[in-house]
Amino acid sequence: MTPKHLVSLADWSRESVEDVLERSVRIKSEYAKNGASDRLRGKSLAMIFHKPSLRTRVSFEVGMTQMGGAALYISDKEIGMQSRETIEDIARVLSGYVDGVMIRTFANAYVERLAEHASIPIINGLTDLYHPCQLLADLLTIREQRGKIDGTAVAYVGDGNNMAHSWINAAIHYDIDLRIAHPDGYAPEPAIVKAASERGAKVTVTTDPREGVRDVNVVYTDVWASMGQEQEKEQRLKRFEGFQVNQALMNLAADDALFMHCLPAHRGEEVTAEVLEGPRSVVFPEAHNRLHAQKGLLDALLSD
Ligand code: CP
Ligand code: NVA
């Protein structure tokens, strides 16, 4: 059974993740054949953004439209979460208006509190801690590109951030040999690694990017300064030197290794233009799969 909310992939079972991926594949092919559907006719999704977005906003909004529903964008200027009104009251009010809420914010605790007090599904559209919706699209992309997810070795090179944590949570459910290669001082949260490892995730953490990528099937990276860390950018650029995904690093991975990135990307920082635009890069199909994965997720959570 699909859980009510998507706060973190760690809360889900493998079966629920697989169900979303199956729906995503089915809805993607139905849309290619028949165009828009009415799976979510009359349903509304509120989208709260405390940080900027291209992919998350557009894919949720267009996803709702293509399935016959509607989405509305709400910025914090309007609702003033915790300043104009408490999270708990917002959760209860929105529960009477819309059929689901997607929220992108800083503190994961905000998403947890919304989920605790709402009677409708709450979807984590990125926090400082997690980005589960991106992982659904990434898993869908790996499945399309490699035919399966189990048995994939993935090197995540860079910051031990929300993306790294989401990969660690994905490794709870799939047979993924996950290596996280990060500079000193930028490790993923040890508690997240420990909890996932105790549930069977195969996660190796290293400060050597060359060791991390050796023979892997997927090389993944993300920006070195995430949203909210802009003031640390100069310092991070120095600390992350040597962690750039360039052709020399890609050459250590398997011959047919894919390059993936959640985007937005900063060419010349975490990845070279050569790799991002190169033959192993699947970053644009990956970005487009945000739409298809979102539709699978919305169908699982919102349809009757
Ligand atoms: N990958 C991703 O979440 O992109 P946006 O920040 O543009 O939504
Ligand atoms: N780690 C990045 C991901 C963007 C999709 C951020 O949080 O800004």
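Atoms within a ligand are numbered from 1 in the order they appear, just like the ligands themselves. Keep in mind it's a predicted model, so treat the numbers as computed, not measured.
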Does an N or O anywhere in [X] fall below 3.5 Å from an N or O of ligand 1?
{"X": "Arg55", "value": "yes"}
{"X": "Met227", "value": "no"}
{"X": "Leu126", "value": "no"}

Qualifying residue, where the test is side chain to side chain donor-acceptor pair (under 3.5 Å) with His261 and the options are Glu270, His266, Glu286: Glu270
What are the atoms of ligand 2, with element, lying closer than 4.0 Å to any heavy atom of [X]?
{"X": "Asn161", "result": "1 (N)"}
{"X": "Leu263", "result": "5 (C)"}
{"X": "Leu126", "result": "3 (C), 4 (C), 5 (C), 7 (O)"}
{"X": "Asn162", "result": "1 (N), 2 (C), 6 (C), 7 (O)"}

Polar atom proximity, Met227 to ligand 2 (N or O, under 3.5 Å): yes
Min N/O separation Lys51 to ligand 2 under 3.5 Å: no
Heavy-atom nearest neighbour in the protein, as seen from atom 3 (C) of ligand 2, with distance rounded to 0.1 Å: Asp222 OD2, 3.6 Å
Any donor-acceptor N or O pair under 3.5 Å, side chains Asn162, Asp128: no
Residues Glu274, Arg267: salt bridge by 4.0 Å N-O rule: no
Plane angle bin for Phe284 and His288 - parallel if under 30°, tilted between 30 and 60°, otherwise perpendicular: tilted
Ring geometry between Tyr220 and Tyr156 (parallel below 30°, tilted from 30 to 60°, perpendicular above 60°): parallel
hydrophobic_cluster_shared for Leu297 and Tyr130, side chain cutoff 4.5 Å: yes
Atom indices of ligand 1, in the order listed, that fall short of 4.0 Å to a heavy atom of [X]:
{"X": "Arg290", "answer": "1 (N), 2 (C), 3 (O)"}
{"X": "Leu263", "answer": "1 (N), 2 (C), 4 (O)"}
{"X": "Leu54", "answer": "5 (P), 7 (O), 8 (O)"}

Ligand 1-proximal atoms of His131, by part, heavy-atom distance under 4.0 Å: side chain
